[in-house]
Amino acid sequence: MHSIQNPITSHLNVVLSFQVAELKLKDSLAMVTLVSRRCNRRLGTRMWRRGANLEGDAANFIETEQLLETERFRSSFLQVRGSIPLLWEQIVDLSYKPHLSVIKHEQTPLVVERHFSDLSQRYGEIIAIDLTEKHGEEGQLSAAYAAEMKNVPNVRYVPFDFHGHCKDSNFDNLEILYDQISEDAEKQRYFLIDREGNVLEEQKGVIRSNCVDSLDRTNVTQCYLAQKALNLQLQRIGVLSPSECISMFDEEYGKYRALWAEQGDEISLEYTGTHALKGDIVRYGKQTIFGMIKDGMSALSRYYLNNFHDGIRQASSFVFHNLPLNLDRVLTSFIHLMQDALDLISGHYTVNRNSLSPIGQNGFDPFSFLPVTSALIIGGLTATTLTVQQVGRNVHQYVSTAICAGITAGVMAILKANGRQFCSRPRLCGLL
């Protein structure tokens with residue numbers, strides 16, 4: 001793939017993923033490449049880097065460039081994604097879906113303004129698509145976002161409840177979203193040059209998509225929008241007629257979808273540690289039984305990783321080999337967190353050689369008691385079940401059952417009330 005210098009490419013700091021597919025469309029060969037670049041201003045793992053910081057930098061902010069190359073033309077189409085640029089958090093507490101809360105802060109309007117001002121300077125016109133639900137805690141976050149967007153000039157905010165519109169696997173309903181934005185989106189165009197290097201089209205803006213994680217729903221939506229752009233590009237250069245689209249070529253369309261599914265997996269692996277959910281929708285255009293099983297396993301893996309694995313992990317040799325000389329004096333008894341490692345590597349935490357690391361200073365580690373409490377709960381439930389089966393024999397069985405049930409309920413209540421304390425958490429940098 002030859003270099004395509006799209007002027008609005010922001011040259012973000014980290015190249016996250018790179019996928020290539022060769023498509024044969026009628027008598028033409030077309031090479032499609034996806035390049036995703038992650039911004040390192042607010043690096044982090046899923047639950048420990050939400051929203052934006054006070055400078056307006058959004059978590060999980062990724063620029064994805066779809067490159068198209070034929071014998072005579074080269075083209076580029078950019079999209080971006082990122083966490084909702086408000087101050088908000090979702091702290092893990094052992095529950096499957098932790099409480100989501102918007103942080104009330106006097107600088108919130110400035111945070112949103114800074115974020116979109118930066119995007120406008122880099123990309124031009126912005127269409128901001130919000131894919132979150134419009135009820136429950138997601139709805140509260142979405143409402144707060146919508147309220148702030150009323151005060152942001154020159155940005156079109158488009159709310160679209162993905163789960164509401166696409167329930168029961170009606171993913172063709174994304175056409176409803178495209179109908180809302182098609183006129184503005186097509187005015188943004190794409191970048192196109194011929195083989196002599198003459199610029200034929202320039203991209204004049206970008207679509208910014210988000211859901212809560214800016215992963216699964218966002219992957220499906222960005223794939224859909226990129227497909228629309230690809231059709232326009234292929235029609236513009238004469239590979240397809242105005243009435244044709246890539247979905248008419250089954251085998252090549254499958255390759256194209258696989259490209260986006262693989263890209264979604266790589267983005268998700270870095271942010272959550274698992275493959276993307278809804279990957280079969282991107283890959284096949286529908287949800288499959290195998291896909292639902294895979295999504296279930298990924299969801300359980302995310303629960304475990306969010307609560308336990310994004311926390312305590314042995315310090316990797318990569319971290320230590322790249323630390324300044326004699327830093328081991330500062331990081332004595334270092335048991336590092338994944339988020340802390342990212343803060344160290346990216347330079348967000350400044351090491352003070354004259355003080356101890358915040359990691360490991362507290363002698364009490366609630367996380368170490370989790371196996372004990374888990375064993376008590378499992379043992380209590382087992383004992384309660386066994387005694388209930390014999391409860392009709394004598395009064396002692398009633399007492400034994402009540403004691404076992406009471407102890408189990410008490411341990412579970414303590415675990416629930418102190419859930420945050422039993423989860424691993426970053427200690428070097430604050431959430432903002």
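For clarity, every value in this text was computed on a predicted model and none was experimentally measured.
- Scanning both residues, Q203 and S76, for their nearest heavy atoms gives OE1-O, 3.8 Å.
- A donor-acceptor contact closer than 3.5 angstrom is absent between the side chains of Q90 and H99.
- The aromatic rings of F116 and Y145 sit parallel to each other, their planes meeting at less than 30°, with 60° as the upper class boundary.
- Heavy-atom contacts from other residues, nucleotides or ligands closer than 6.0 Å to NZ of K104 number 12 or fewer.
- Salt-bridge check for E186 with K204: failed, with every basic side-chain N at 4.0 Å or more from each acidic carboxylate O.
- Contacts of E183 classified as salt bridge (charged side-chain N to carboxylate O under 4.0 Å, His left out), with partners at least two apart in sequence or in another chain: K187.
- D118 and R114 are not joined by a salt bridge, as no carboxylate oxygen comes within less than 4.0 angstrom of a charged side-chain nitrogen.
- A salt bridge is defined here as a Lys NZ or Arg NE, NH1 or NH2 lying under 4.0 Å from an Asp or Glu carboxylate O, and E137 with K97 fails to meet this definition.
- The pair D295-K278 fails the salt-bridge criterion, with no side-chain N (NZ, NE, NH1 or NH2) lying under 4.0 Å from an Asp/Glu carboxylate O.
- Environment of CE in M248: crowded, with over 12 heavy atoms of neighbouring residues, nucleotides or ligands closer than 6.0 Å.
- Checking R81 against N219 by side-chain atom types alone, a donor-acceptor pair falls below 3.5 Å.
- No side-chain N or O of T132 forms a donor-acceptor pair with one of E138 less than 3.5 Å apart.
- In summary, the side chains of Y256 and Q66 do present a donor paired with an acceptor at a separation below 3.5 Å, with no hydrogens or angles considered.
- For the residue pair N60 / R46, no side-chain donor-acceptor distance below 3.5 Å is found, with atom types taken as modelled.
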Test side chain to side chain donor-acceptor pair (under 3.5 Å) applied to Q19 and E266, step by step: CA-CA 10 Å; Q19 288 85 25; E266 291 202 24; 2.9 Å; yes
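- Between the side chains of T218 and S214, no donor-acceptor pair of N or O atoms lies under 3.5 Å.
- Side chains of V35 and T64 form no contact here, defined as non-hydrogen atoms less than 4.5 Å apart.
- Looking at Y224 and E175, their side chains do bring a donor and an acceptor atom within 3.5 Å of each other.
- Salt bridge R208/E63: absent, no basic N to carboxylate O contact under 4.0 Å.
- Remark: the E71 side chain and the S28 side chain contain no N/O donor-acceptor pair separated by less than 3.5 Å.
- Of the charged side-chain nitrogens involved, none lies within less than 4.0 Å of a carboxylate oxygen, so that R42 and D57 do not count as a salt-bridged pair.
- The environment of OH in Y157 is crowded: more than 12 heavy-atom neighbours from other residues, nucleotides or ligands sit within 6.0 Å.
- Counting all heavy atoms, side chain and backbone alike, L277 lies closest to A299 at CD2-N, 4.3 Å.
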